[in-house]
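One structure is given below, encoded as structure tokens.
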Amino acid sequence: MPKSPQKHLDPRQPLVVDTTKLPRRPGSTRALKRVVPAPADLGLELISVPVGSDLELDLSLTSVSEGVYVSGNVRGSLSGECGRCLNEISQSFDVSLAELFAYEDSTTEETTDEDEVGRMQGDLIDLEAAVRDAVVLTLPTNPVCRQDCPGLCPECGVHLDDLPADHSHEDVDPRWAALRTMSAEQPTAASPQYQQNRIEE
Ligand SMILES: [Zn+2]
Ligand SMILES: [Zn+2]
């Protein structure tokens with residue numbers, strides 16, 4: 001299987017780690033604590049890590065025979081929109097990350113697929129994909145501002161939290177009831193009813 005072309009890593013990139021100072025003797029460890037600006041598009045459509053916001057890496061690097069094992073936590077903030085009430089969601093996250101990066105020309109590199117085990121480039125590790133996986137996999141596809149968010153009244157669009165428990169649209173002013181009946185029928189611009197209403201306005 002041909003190797004996919006690797007982009008050349010730049011050690012100055014915030015999510016690129018230089019392991020030069022980590023002895024390659026298995027068992028050697030080094031802490032990696034770093035606060036970096038979050039990359040773009042880190043998240044899902046409805047909830048994501050704001051680009052440029054603080055992403056805190058609290059990791060340890062451990063030499064193993066085939067490469068470097070990176071484990072620890074990634075923390076940061078999320079912003080999004082509640083899928084039920086559209087209120088803004090602003091919360092923090094703390095996810096764990098554990099990933100092996102294989103040395104170039106190691107048996108692991110030769111016997112695994114790049115999707116299964118990360119690759120090192122010399123002494124450099126690109127953490128972006130691992131961070132992306134760790135964060136995105138924990139995000140809800142339907143984020144809510146809180147688990148028991150009741151959402152909006154389907155009739156008037158007001159947050160149900162802000163309405164009395166007996167809120168209902170059954171006994172409304174008859175004029176509004178008439179409007180609701182009309183909108184339920186969804187007259188089109190071409191329908192006689194719509195034309196008639198337009199004239200009456
Ligand atoms: Zn909500
Ligand atoms: Zn209502």
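Indexing begins at 1, ligand by ligand and atom by atom, following the structure's order. Computed over heavy atoms, backbone and side chain alike; hydrogens, waters and symmetry mates excluded. Since the model is a prediction, treat every value here as computed from it, not as a measurement.
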Flag the pair Ser71 / Ser60 as yes when at least one side-chain heavy-atom distance between them is below 4.5 Å, and no otherwise. yes
Do you know the tightest heavy-atom contact between Met120 and Glu104? O-CG, 3.2 Å
With the Zn ion (ligand 2) at the centre, find the angle made by SG from Cys156 and NE2 from His169, to 10°. 120°
Here the vertex angle at the Zn ion (ligand 1) for SG of Cys85 and SG of Cys149, given to 10°, is 110°
At the Zn ion (ligand 1), what is the angle formed between atom SG of Cys145 and atom SG of Cys82, rounded to the nearest 10°? 110°
CD of Gln13 to CG of Asp126: how many Å apart, nearest 0.5 Å? 8.0 Å
Please report the C-alpha distance between Asp94 and Asn73 in whole Å, then the side-chain angles of each, then the deciding distance to 0.1 Å, and finally whether the side-chain hydrogen bond (donor to acceptor under 3.5 Å, both in side chains) criterion is met. CA-CA 7 Å; Asp94 184 337; Asn73 289 68; 2.7 Å; yes
